[in-house]
Amino acid sequence: MPLLKLKNIHYYYGNIHALKGVDLEVYAGEIRTLIGANGAGKSTTLMAISAILQPQQGEILYHGTSLAGRAPDEIVKAGLCQVPEGRRIFPGLTIQENLEMGAYCRRVKAAIVADLEMVYELFPVLGERRRQAGGTLSGGEQQMLAIGRALMSQPQLLLLDEPSLGLAPLMVEKIFSIIERIAGEGITILLVEQNAHAALNLADYGYVMETGRIILEAPAADLLKDERVKEAYLGE
Amino acid sequence: MKRLLRLIGVIFFLTSFVAVSASFAETIKIAVASPFTGPLASFGEGVKNGALLKAEEINSNGGINGKKIEIILGDELCDPKEAAAVATRFASDPEVAIVVGHLCSSATLAALPIYKEAGLPAITPASTNPEIGKSSPYYFRNVYKDDFQGDFLANYAEKVRKFKKIAIFYEVNDYAMGLKEAFVRQAKNIGLRVIGAESYMAETTDFKAQLTKFKMMRPDAIFIPGYAPQATLLISQARSLGMKCAFFGADGLDDEIMLKNPDADGLFVTTPFLVDRGGAMVKEFVARYRNKFSIEPNWFAANTYDAVGLAAAAIAAVGNDREKIRAYLAGISSPEKAFKGITGATYFDVNGDCLKAAFVKLIKNGQWVSAEEQLQ
Amino acid sequence: MHLDDRLFSDKKLYLPLLAAVLLLPWVPMGLAGPYVLRVATLTLVYMVLALGLNVVPGFTGLLDLGYVGFFGLGAYTAGLLTVHYQWSIWLVLPLAVMNGVFWGVLRGAPTLRLGDDYFAIVTFGFSELIILVIRNELWLTRGPMGVPGIARPDFCGAVLDQPWQAYYLILFFLLLVLWVVVRIRSSRLGRAWFAIREDEIAAECVGVNVANYKIIAFALSAAIGALAGAFYARWFRFVHPDMFKFWESILILCLIVFGGMGSISGALLGAFILIPLTEVLRIVLPDSLSNARYLLFGLLIVCMMRWRPAGLLPVEKE
Amino acid sequence: MLTAIFEQSSLFLQQLVNGITLGSIYALIAVGYTMVYGVIQLINFAHGEIYMLGAFLGFSLLSGFFGFGLPFGLAVAVSVVVCALAGVLLDIVAYRPLRRAPRLAALITAIGMSIFLQNLALLIWGGQIQSFPQHTIPPFLGEPALLLGDVVVSWLQVVILTTAIFLMLALHLIVHYSRIGRAMRAIAQDKTAASLMGVDVDRVVSYTFALGSGLGGAAGILVGLYYNAVYPTMGYFAGIKAFAAAVLGGIGSIPGAILGGGILGLAEVFGGGYISSSYSNGIAYAVMILVILVKPTGLFGRQQRDKA
Amino acid sequence: MAGRKTGELLLKAHKVVKTFGGLTAVKEVSLEVRAGEIVGLIGPNGAGKTTFFNCLNAIAGPTSGEIMFAGHSLVSQVSPATRLLVFRLGALFALLSLLWLPLALGVVWPETFFRLEAVLALSGLAFFRIYLLKPLSHFRAWSRLLLLIFVLADGLWAVVWLWRSPDFAEVGFFSLFPFYPLLVPGALLILIAAPFFLLMFNLPRVREAFGQHLRADVITALGVGRTFQNIRLFSSLSALDNVKLGRHCRTRANFFGIVLALPGARKEERDSAEKAAECLRFVGLGKQLESRAGSLPYGDQRRLEIARALATEPELLLLDEPAAGMNPTESAGLINLIRRISQAGIAVLIIEHDMKVVMNLADRIYVLDHGELIASGTPAEVRSNPLVIEAYLGAQHAAAQA
């Protein structure tokens with residue numbers, strides 16, 4: 001049984017049909033990626049999973065049960081946490097407070113403290129500046145903070161929306177290696193990316209999205225060789 | 001859309017229905033307009049009670065020429081706009097013989113052109129603005145004008161109380177400003193020093209800044225032309241700042257709430273009506289008033305009582321005809337022809353203003369008592 | 001953009017209405033007594049005010065909480081000029097309108113860049129300041145003593161002293177304002193305002209000088225408010241600062257919210273229903289509850305926003 | 001000459017004391033505006049009415065208006081709690097359904113609520129100024145706490161100042177060191193991101209309303225006692241001035257609201273004392289307008305980046 | 001379409017920099033567009049393309065750099081430091097006005113002195129001065145002299161004010177006789193100058209001459225039309241009215257013309273309806289004239305936005321991701337449309353992610369990454385540029401390709 005299953009999701013922004021029947025599955029322990037051009041509907045899909053947007057049609061199953069009607073905070077409690085596009089850390093809160101916000105749904109103090117240390121270990125840069133405001137970090141560090149913050153909620157499934165957005169190539173590589181490491185710890189990952197090759201290199205399985213539809217899905221290695229992917233990205 | 005039209009139709013209908021629903025009963029209508037709700041309701045209360053008491057008295061004596069008096073009330077919240085609407089309603093009801101009312105001068109001034117146009121006589125029991133009598137032959141006044149009261153107070157302060165330095169704290173409204181002007185003018189004439197004048201708005205509750213300023217000037221007394229609700233706060237705040245000077249005011253301060261304030265002890269005010277100065281008529285009025293409403297009558301009640309009495313006398317003499325009533329009232333023009341009521345003899349000058357005596361009363365141990373020395 | 005309101009597009013609707021309004025003073029059986037006529041005249045004054053206010057929040061999307069300031073400004077300008085110089089209304093009125101425009105522009109100019117909340121607050125503060133000046137500057141306005149004895153409106157030297165004459169006069173002004181507003185609304189000016197309301201940046205990018213058009217809107221709105229005020233002063237024959245309380249701003253806002261923001265027929269309808277309603281309520285409600293009218297208006301605003309934010313006659317047909 | 005200087009300086013000192021007291025009251029109300037604005041970007045016009053409600057509740061519970069009287073401390077506590085609940089109710093009934101509506105709609109609703117509540121109070125309590133019965137107030141409050149020549153500081157002023165400081169400190173601790181406070185700040189910065197972290201936004205907004213309204217209610221009682229006057233329109237003027245204070249300090253910033261309240265209180269008292277007392281409201285409006293025009297973000301306000 | 005020769009230089013951006021706070025979104029980007037060309041601007045998400053567009057049409061003008069369009073400079077030539085200085089002087093100017101205004105009034109109108117000022121000075125004429133600050137803050141050096149005069153005048157008032165302050169009532173106004181002759185001209189100067197400046201700064205030509213930023217609407221009128229990445233239509237207006245709004249900067253009818261229904265205004269209105277309908281037909285929306293813009297399908301909204309931009313009669317059209325969210329058929333239609341626009345003699349600068357569209361259309365392509373221009377040239381050149389491949393596909397892939 002897939003951990004997460006999207007069945008025929010439709011979403012309209014007013015009159016604009018943004019998702020036109022998206023089907024998608026994520027199995028426990030995998031990294032799956034969703035790639036596609038700007039405006040294809042990737043972020044909308046993630047927002048629908050996180051219940052920030054309520055799809056007008058279709059069903060989202062998590063562990064086989066429907067998530068319909070659940071509030072965003074219940075989704076997080078269920079173990080589905082998203083790192084949103086553009087990082088969206090809380091710039092006025094300190095790094096520590098940002099991370100504590102990630103653990104908002106958890107009650108056990110000791111476990112939170114332990115996880116904090118775990119995150120600081122994973123991202124030593126953050127540990128050094130835990131009293132500093134989040135807004136003072138550079139783009140890459142903010143991305144790390146956003147990922148760390150999501151990890152604080154002890155997710156089973158981590159939704160990553162364009163973690164490489166606006167980052168320098170070196171930093172992109174660093175972030176991807178961190179994602180790999182997180183996956184290694186048993187957290188399932190759904191990665192949304194424009195940086196197709198980096199994403200496909202990392203993932204086990206990929207979906208290609210275009211104008212609100214999944215047009216192609218295959219194991220990542222196959223997609224990497226697919227001419228249509230190349231065409232979509234370089235117009236060859 | 002159709003539903004909407006129907007809705008409009010209904011509203012139209014309702015409005016017109018209400019307008020023509022004037023009853024055709026065998027009564028004489030005396031309209032009473034005053035604020036019965038809102039911040040000035042306690043004054044309006046006196047007006048209402050006074051009118052009802054007088055009407056009841058007349059009706060129990062068989063009415064006027066066999067017809068009963070009916071008091072119709074108009075609540076105008078002391079708002080000029082509302083007052084005009086209420087006035088038009090009275091004016092367009094042919095059964096209304098005369099209006100007793102409008103308490104605030106601003107409301108009276110707004111209603112004045114409407115009565116004038118409709119030829120409806122009116123007596124105000126409480127508006128003291130000098131403008132009123134001059135502007136319309138249909139308006140009469142059963143209360144003294146601001147300038148009289150201001151002069152009176154200045155004389156009293158100087159001659160009886162022997163004050164030297166007075167500070168004034170006045171509300172920004174027509175009543176208080178008229179008083180203040182008159183007081184300052186008279187003070188100048190008789191050599192009383194006014195060392196400062198500060199103003200406040202009706203909604204002000206913090207007087208400390210200005211009081212502090214006065215405190216440094218060490219006045220003998222502070223004159224508060226204004227109304228009781230603010231004055232009581234003002235006096236308390238002055239005391240809490242450690243000010244020891246005397247306070248006095250005009251009839252606007254003549255209110256029960258002053259008695260609740262222990263700081264107000266010693267405050268003296270002018271009033272057109274004093275319980276213990278009157279004769280048997282006054283005693284009887286006070287007794288019946290207490291009996292009926294279980295509160296003490298204030299001067300609004302007394303003045304209204306007399307105004308309704310005046311109106312009834314006029315109707316009794318000339319019948320239910322607006323023009324004749326006006327003529328009759330205008331005819332009461334000398335002390336000999338005066339109407340004798342509980343507030344003394346009332347007669348009108350050419351403007352329809354009347355001359356009345358003012359009395360001084362003060363608070364002693366939480367009670368109003370008449371001052372030992374009155375100024376005649 | 002369906003700029004033509006239903007009211008103006010459907011002759012079957014507006015012709016009978018117009019006839020009814022024109023004939024009102026002559027309806028038989030005492031229906032048109034002075035009281036009804038007064039309420040009708042007041043309703044027309046508020047219709048003018050509603051049309052004027054509608055220009056700013058309705059067309060340009062900026063909430064104006066201080067409209068009564070211009071109403072008061074117009075009334076005082078007209079009232080004082082009349083009392084001091086005994087000028088004709090036809091001379092006083094343009095002056096009042098010009099004064100309104102002057103202060104409208106003055107208020108508008110520095111607030112151009114403000115967002116909606118802040119704009120609302122500034123307009124509120126500005127109008128409170130105007131009323132405060134009126135209340136405190138005795139040498140000019142006689143302050144709380146009010147200005148009594150303002151002459152009635154006149155026409156060609158004749159004094160219009162019958163209630164129906166005042167009624168027709170304000171009806172004339174209403175039609176004039178209506179003409180202006182309807183013309184403007186479906187012109188490039190009106191379109192520019194709508195563009196500003198929908199999206200200021202996009203408006204700039206299609207070549208609309210946002211600042212200028214906002215100022216024009218403020219000026220027009222203020223002019224209409226002052227016009228209504230000038231008539232009001234001459235008709236009421238007395239002006240007093242208490243007549244221009246903050247509550248009046250809310251009442252006028254209520255009219256257009258009720259009718260539908262941005263909709264001309266909505267503004268008219270709002271005044272047509274709510275102003276007579278205040279009178280009906282005055283009579284229907286017992287005296288002890290006469291303040292409940294305001295309570296009901298508060299509730300009405302909340303409920304309209306909740307369930308019919310577009311008002312009774314919304315601008316857009318879906 | 002010397003006495004003149006002495007008088008002038010004691011005048012100044014007394015005005016300073018008055019101004020600081022007034023300022024601390026404005027600050028307490030302003031904090032309520034600023035908190036709600038910070039979290040949901042709504043100018044809660046009805047906040048002034050909550051403050052009025054606090055004053056009336058305190059008055060009613062002390063004077064036995066509802067048929068029973070409570071001891072002083074209990075009455076204050078009950079009215080603060082009821083105000084907090086009223087704030088939450090206000091949010092749930094009026095504002096929550098409009099969370100996704102245009103801001104203009106929410107703003108108009110807030111004005112409607114303000115009118116509604118004000119007139120409701122008018123119906124219940126009547127329009128007159130009500131005073132606390134003398135016997136219900138602890139007697140020492142009226143006594144001077146400090147006498148410095150002509151300068152008087154009453155115990156009431158001391159109590160107001162200490163209460164205000166205490167409440168502000170408590171608020172600071174809640175906002176900066178509690179879980180819910182952190183959530184408030186997070187929502188203020190990015191609502192979507194906060195809900196992605198599992199924050200129940202509506203609940204936190206309710207908490208915000210409760211806190212702000214509780215403070216407003218407390219301010220209401222303090223003011224009621226200070227002036228010994230409670231009346232339905234008190235919320236309108238105090239509300240506008242407190243809003244001006246919040247804007248002055250930068251709306252959304254709590255220290256800004258406190259500073260703004262202080263400045264406005266002093267400006268009003270000194271303006272009233274030295275310039276013209278009938279314009280003291282006008283001074284508040286004028287200060288507010290000027291600040292908005294010159295620096296729309298206020299003294300401590302942060303420029304909000306447009307989220308495209 | 002001003003009949004420019006193909007190849008004539010139309011737009012020239014030179015070292016355009018845009019910073020937000022500490023973040024540099026656009027770093028020294030230079031770019032040229034010639035008449036008749038279609039130029040592509042590509043780059044990964046967050047590369048600063050839209051920011052650059054916003055610099056071009058003054059939605060958010062550049063921090064530094066120069067932009068010339070058809071001989072007009074679109075950018076302020078005042079350095080930020082000068083602007084700051086002028087702003088500070090201006091702030092002083094406004095503050096001091098609070099001091100002198102009451103005095104000016106006191107001269108003209110002695111009985112109002114110190115009563116009217118609180119309200120008038122704060123709400124009335126002071127507004128003028130604050131309004132003046134904005135234009136002045138973009139102003140050139142010689143204006144500082146004027147400012148200085150104002151500040152000195154204000155200072156004079158301030159001195160007088162302080163001197164007089166002890167007790168106005170007793171000192172009396174005319175005891176200040178030596179200052180009196182100075183006060184009135186000062187007040188008059190400022191009172192006359194304020195409206196004058198107000199007028200002057202609202203004349204586009206004057207402002208342009210002094211190197212002030214042009215506003216977006218002026219740039220549109222000069223002939224730069226644009227569309228937006230996230231469609232910004234006036235969604236409650238009809239399609240036709242949206243396009244008529246595009247005609248706004250080409251029409252002249254004023255308030256009086258409209259209200260009095262003058263023939264000129266009416267003819268203009270008819271003309272603009274015709275032209276707007278023509279534009280709509282051009283983009284293929286001839287049948288949807290009366291539909292509400294917000295209710296059109298997505299692809300049609302994109303085309304409506306283009307029609308609106310075309311109605312402004314641009315010489316240069318800026319298209320921000322016109323193909324985003326379109327399916328292949330729709331983008332094919334779009335390519336066709338842009339070709340037709342180009343054939344009509346309008347230069348096009350296009351941001352696009354859909355490589356099929358860009359590679360197909362563009363004569364030249366500029367590539368942005370992290371706000372920097374990393375490559376430019378013909379589509380073929382760009383496609384094989386290793387830097388571009390790295391930016392798009394990641395370093396490993398680039399290495400693999402190389």
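Protein chains get the first letters and strands the later ones, always in sequence-line order, with residue 1 at the start of each.
- Residue B:K292 qualifies as enclosed at atom NZ: its count of foreign heavy atoms under 6.0 Å is above 12.
- Looking at every heavy atom in both residues, B:P80 comes nearest to C:F238 through CB-CE2, 4.3 Å.
- The candidate with the highest count of non-hydrogen atom pairs below 4.5 Å against chain B, out of C:R135, C:M243, C:R237, C:R142, is C:R237.
- Among B:S136, B:G178, B:A110, the residue making the largest number of heavy-atom pairs under 4.5 Å with chain C is B:A110.
- Note that CG of C:N136 is 5.0 Å distant from CE of B:M201, once rounded to the nearest 0.5 Å.
- For B:C78 against C:D242, the heavy-atom pair with the smallest separation is O-OD2, 4.2 Å.
- Contact annotation for B:S135: neither backbone nor side-chain heavy atoms come within less than 4.5 Å of a heavy atom of chain C.
- Note that CG of B:L77 is 5.5 Å distant from OH of C:Y294, once rounded to the nearest 0.5 Å.
- No side-chain heavy atom of C:M145 sits less than 4.5 Å from a side-chain heavy atom of B:L109.
- Annotation: the span from B:I114 atom CD1 to C:R38 atom CZ amounts to 4.0 Å, rounded to 0.5 Å.
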Subject >> C:D161/B:E117 under side-chain contact (heavy atoms from CB on, under 4.5 Å): CA gap, chis, key distance, verdict >> reply: CA-CA 9 Å; C:D161 55 359; B:E117 204 168 277; over 6 Å; no
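- Neither the backbone nor the side chain of C:F244 comes within less than 4.5 Å of any heavy atom in chain B.
- The shortest non-hydrogen separation linking B:K81 to C:Y46 is NZ-OH, 2.9 Å.
- Of all the heavy atoms in B:A85 and C:Y35, the pair that sits closest is O-CE1, 3.7 Å.
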